[in-house]
Amino acid sequence: MDPLSKINLDPLLDALNAHELIVHGADYDLRLLCKHHEFIPSAIFDTMVAARLLGERQFGLSSLLEKFLGVKLDKGSQKADWAQRPLTERMEKYARNDTHYLKPLSDKLREELAAKKRLEWHRENWRAPD
């Protein structure tokens, strides 16, 4: 999905709202979705918040993936011009990898939070408005 295209995101957002979103430090993205599409997810698991609740000193996605999954990401496109079109192949790969490992990472972090009896802390961090 290209967020700069002129497509109607409503069907996608409706589908996403039926699931817990797994994100990493997506507070800015979520604010934009709320502002421009009135989208507020029903549930979120934020891997950055989870890592901070676990006391991780390095809570960037790359650091967490390396520590918990042994995955080393190429972050070369992190500061690229994401408004350019078309995206380069390297940028597309970067974007795919940034989301590809979120589910396994969230599973590991959930286990750690549960073991330390901090999972509820994470749940309390995100409560969808009534």
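Residues take their numbers from the sequence shown, with the count starting at 1.
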Visitor: Please say which of T47, D46, D98 ends up in a side-chain hydrogen bond (donor to acceptor under 3.5 Å, both in side chains) with H24.
Guide: T47

Visitor: Could you pull out the closest heavy-atom pair between K108 and F68, with the gap in Å?
Guide: CE-O, 3.8 Å

Visitor: Looking at E120 and R123, is there a salt bridge between them, counting it only when a charged N and a carboxylate O are closer than 4.0 Å?
Guide: yes

Visitor: Main chain of S77, side chain of W82: is a donor-acceptor contact present, judged purely on distance under 3.5 Å?
Guide: yes

Visitor: Should the pair D74-K93 be classified as a salt bridge under the 4.0 Å nitrogen-to-oxygen rule?
Guide: no

Visitor: Below 4.5 Å, heavy atoms only, C-beta onward: do L13 and L33 meet side chain to side chain?
Guide: yes

Visitor: Salt-bridge test for E56 and K67: reply yes if a basic N is under 4.0 Å from a carboxylate O, no otherwise.
Guide: yes

Visitor: Starting at CZ of F39, measure out to CG of D29 and round the result to the nearest 0.5 Å.
Guide: 11.5 Å

Visitor: Once the angle between the rings of F45 and H122 is folded into 0 to 90°, is it parallel (under 30°), tilted (30 to 60°) or perpendicular (over 60°)?
Guide: parallel

Visitor: Which distance, rounded to the nearest 0.5 Å, do you find between the CG of L30 and the CD1 of I44?
Guide: 4.5 Å

Visitor: R118 side chain to L53 main-chain N or O, any donor-acceptor pair under 3.5 Å?
Guide: yes

Visitor: Return the minimal non-hydrogen interatomic distance between L102 and L61, and the atom names on each side.
Guide: CD2-CD1, 3.9 Å

Visitor: Is E20 salt-bridged to R110, going by a charged N under 4.0 Å from an acidic O?
Guide: yes

Visitor: So which heavy atom on D81 is nearest to which on M91, and how close?
Guide: O-CE, 3.5 Å

